[in-house]
S.K.: 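Quick one: the structure is below, questions incoming.
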Amino acid sequence: MNESEFKIYKKSLKDREKSSQKTLWLVIYVCLIQLLFGSFNICGKIFLTCAYIYSFSESLSNLDYASLNLANFQWFLFQLVGPLSLRFLPNIIGKMKFRFILLTASLSPIVFLTPAPYACLCKNSLSPGCNKAIIYLYALLVSIIAGLMQSIQLFTMLFYLSNISKSQEKVIYYGAFFFIHSLQWLLGSLIGEIFITYDNMNSQNSISKVLGILILLQFIVSLLYLSIPEKSNGRYNKFYRTIFEYYNSKTQNQSKLETEGIRELLLKSTYINSDKDDESDTFKNEEHSPRSKSTSQSQIDLHLFKSQTFQNSNTKSIMTFQCFSIEEQSLVELLESAHSNQNTKNSISIEKYQNRNYFQNISLTLGKLNDEGFLWLLFLLCFIATIQAFLYIYFFPFFAYPGSKKLSFQAKLVLQGYLYVGVGELFGSFGIGWLGDSKDKINALIYILYIFQFGCLIAWTSYYFQYEILVLVFSCSTGFCDSAMTSTVISVLTLRFPKLIYLVDLMYFIYSISFAILALVFISSNFDNNTFISLILLQTFGLLGLVAIYKINNLIQNNQIVVLS
């Protein structure tokens with residue numbers, strides 16, 4: 001390298017450092033918005049439950065705890081319908097800017113909370129609109145809408161982080177997002193403590209006032225998404241261009257194109273100006289640069305065939321969130337597999353996805369993971385759903401003491417439990433990052449599940465002896481296991497199968513369906529306040545999780561499955 005080349009390299013390095021520094025601050029900013037979003041969501045869950053207990057009870061001295069199941073049924077529907085929005089997410093991302101998608105979808109907690117102040121205002125009212133059946137029907141309908149909006153918000157945020165990152169930064173940004181996201185339990189419980197300290201829920205309609213303040217604060221947080229900068233020609237357009245140019249060329253020139261020609265076309269559409277894009281400012285508008293003008297002139301106009309390809313069922317079959325999030329090289333290899341109709345390593349040929357509907361493709365992905373021996377690892381998603389169903393559905397009756405007549409006292413106990421859950425989530429989120437490759441992480445799951453079993457024993461002790469400190473220890477261990485298990489299972493599967501374009505959809509479906517089924521079990525236990533059944537279910541899934549981990553380790557040692565090393 002001569003002196004002039006060294007100066008060019010040094011200048012390029014400085015430009016990259018400045019761009020990365022500015023992007024890092026942007027990531028921290030959007031993650032903090034997400035933290036506020038999740039924190040008000042956690043806080044709203046507590047006051048939603050309190051609002052229903054207050055609204056359907058005869059008086060504050062005679063509380064009706066069975067009514068809390070309306071809030072639990074809302075969470076049941078909220079999680080059950082969430083994965084359905086993934087089917088439409090690629091179309092939404094392709095047609096709207098990130099800031100507008102996030103603003104609209106972030107209104108989901110507001111929609112979710114609206115039945116609660118309505119129920120509070122209807123207390124002791126004889127108006128036909130305040131009929132209990134109408135309140136229940138309204139609450140269940142808005143839960144479905146909020147569930148669809150919430151999953152759009154979450155995955156759009158993840159894709160936004162992928163869109164502004166360079167390939168080597170994506171894992172770091174996702175890790176930062178997961179770490180800050182885990183703080184929502186801590187911050188949400190602290191916000192709730194502030195509201196309860198300010199208002200002890202003793203005056204009439206005081207809970208509805210608190211919910212009104214929460215809704216207002218949540219709306220202010222949603223408006224912050226409008227301040228998020230983005231490139232006018234984002235990275236997702238490169239994915240679109242790669243896919244569309246491939247199918248356009250294949251349709252028109254299928255008899256003339258050879259494998260090498262397709263590869264050159266894909267590499268050109270994927271990597272053109274990629275180095276310069278990485279060096280450019282995150283906030284820079286590419287439409288006004290000469291480089292972007294020459295690029296648009298040298299390539300086929302995307303708008304000429306975009307509408308046609310959206311009508312093509314073969315193209316629709318690969319429009320998934322994971323398809324947009326994988327690295328460009330992996331996308332190129334995946335598209336090339338369609339020409340040879342052969343499965344590439346750790347993936348399924350696109351030809352196999354075509355002429356199948358959405359759920360058939362998810363089933364095809366499940367079969368691929370089963371063939372690779374990863375079915376036991378997928379079972380751990382059911383275990384994660386068990387923990388989170390317990391935290392969202394049964395935490396209030398687990399902490400609440402029916403003998404106490406003060407609703408504010410009950411809410412304080414639950415918020416204190418969530419605070420300790422947040423402490424556990426915090427340690428679990430960054431503790432698992434200290435480990436090395438996937439084998440080390442899977443081995444660590446054994447110890448994590450032993451910690452969970454210890455927490456369950458603590459819970460049994462608190463159940464029989466009513467020691468509050470033991471319940472808090474159980475909360476901390478549960479939060480730790482939830483966070484550590486979630487980050488480990490997701491990272492192992494996505495790193496091992498980066499080209500399975502329906503993998504994220506599959507994992508989210510497994511989690512949501514498991515959450516919904518287990519939520520129904522916990523809801524049925526709520527009617528009798530049967531903590532015994534809930535703890536039995538929780539510990540049984542923990543033991544099954546241990547069996548799954550030992551099975552996976554045995555398969556790895558016998559070289560029957562291969563994880564990323």
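Remember, predicted model here, so these are calculated numbers, not experimental data. We use all heavy atoms of the structure for the numbers below, so side chains are in, but hydrogens, waters and symmetry mates are not.
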S.K.: Can a side-chain donor-acceptor contact be found between Tyr136 and Gln74 if the only test is distance below 3.5 angstrom?
M.R.: no
S.K.: If we count only N and O atoms by modelled type, under 3.5 Å, do the side chains of Asn72 and Tyr392 hold a donor and an acceptor together?
M.R.: no
S.K.: Decide whether Gln153 and Tyr225 meet the rule of one side-chain donor and one side-chain acceptor closer than 3.5 Å.
M.R.: yes
S.K.: So does Val521 get a backbone contact from the side chain of Ser524, meaning a donor-acceptor N/O pair under 3.5 Å?
M.R.: yes
S.K.: With a 3.5 Å cut-off and sequence neighbours excluded, list the donor-acceptor pairs that the side chains of residues 541-548 form with protein atoms.
M.R.:
none

S.K.: Do Ser39 and Leu35 come close enough that some side-chain heavy atom pair is under 4.5 Å?
M.R.: yes
S.K.: At what distance, to the nearest 0.5 angstrom, does CD of Gln453 lie from SG of Cys481?
M.R.: 9.0 Å
S.K.: Taking ring pair (Phe, Tyr, Trp, His ring centres under 6.0 Å) as the criterion, tell me which of Tyr173, Phe98, Phe155, Tyr174 meets it with Tyr160.
M.R.: Phe98
S.K.: Does the pair Phe497 and Phe374 meet the rule for a ring pair (Phe, Tyr, Trp, His ring centres under 6.0 Å), with working shown?
M.R.: CA-CA 11 Å; Phe497 299 99; Phe374 280 81; 5.1 Å; yes
S.K.: Check whether Ser514 reaches the backbone of Ile510 with its side chain - one donor and one acceptor, N or O, closer than 3.5 Å.
M.R.: yes
S.K.: Using side chain to side chain donor-acceptor pair (under 3.5 Å) as the criterion, list what pairs up with Ser151, not counting sequence neighbours.
M.R.: Ser85
S.K.: Return all side-chain donor-acceptor pairs below 3.5 angstrom for residues 376-391, not counting sequence neighbours, or 'none' if the list is empty.
M.R.:
{"residue": "Thr386", "atom": "OG1", "partner": "Cys382", "partner atom": "O", "Å": "2.8"}
{"residue": "Gln388", "atom": "OE1", "partner": "Tyr511", "partner atom": "OH", "Å": "2.5"}
{"residue": "Gln388", "atom": "NE2", "partner": "Asp482", "partner atom": "OD1", "Å": "3.0"}

S.K.: Could you report the tightest heavy-atom contact between Ser106 and Gln218, atom names first, then the distance?
M.R.: O-NE2, 4.0 Å
S.K.: When rounded to the nearest 0.5 angstrom, what is the spacing between NE2 in His181 and OG1 in Thr486?
M.R.: 9.5 Å
S.K.: Taking the side chain as everything from C-beta on, heavy atoms only, tell me whether Leu493 gets closer than 4.5 Å to Met507.
M.R.: yes
S.K.: I want to check something: taking the side chain as every heavy atom from C-beta on, are Phe452 and Phe480 in contact at a cut-off of under 4.5 Å?
M.R.: no
S.K.: Between Thr114 and Tyr138, is there a side-chain donor-acceptor contact under 3.5 Å, judged purely by atom types and distance?
M.R.: yes
S.K.: Taking the six-membered ring for Trp and the full ring for Phe, Tyr or His, determine whether the centres of Trp75 and Phe112 are under 6.0 Å apart.
M.R.: yes
S.K.: How long is the span from the CG atom in Leu364 to the CZ atom in Phe359, to the nearest 0.5 Å?
M.R.: 15.0 Å
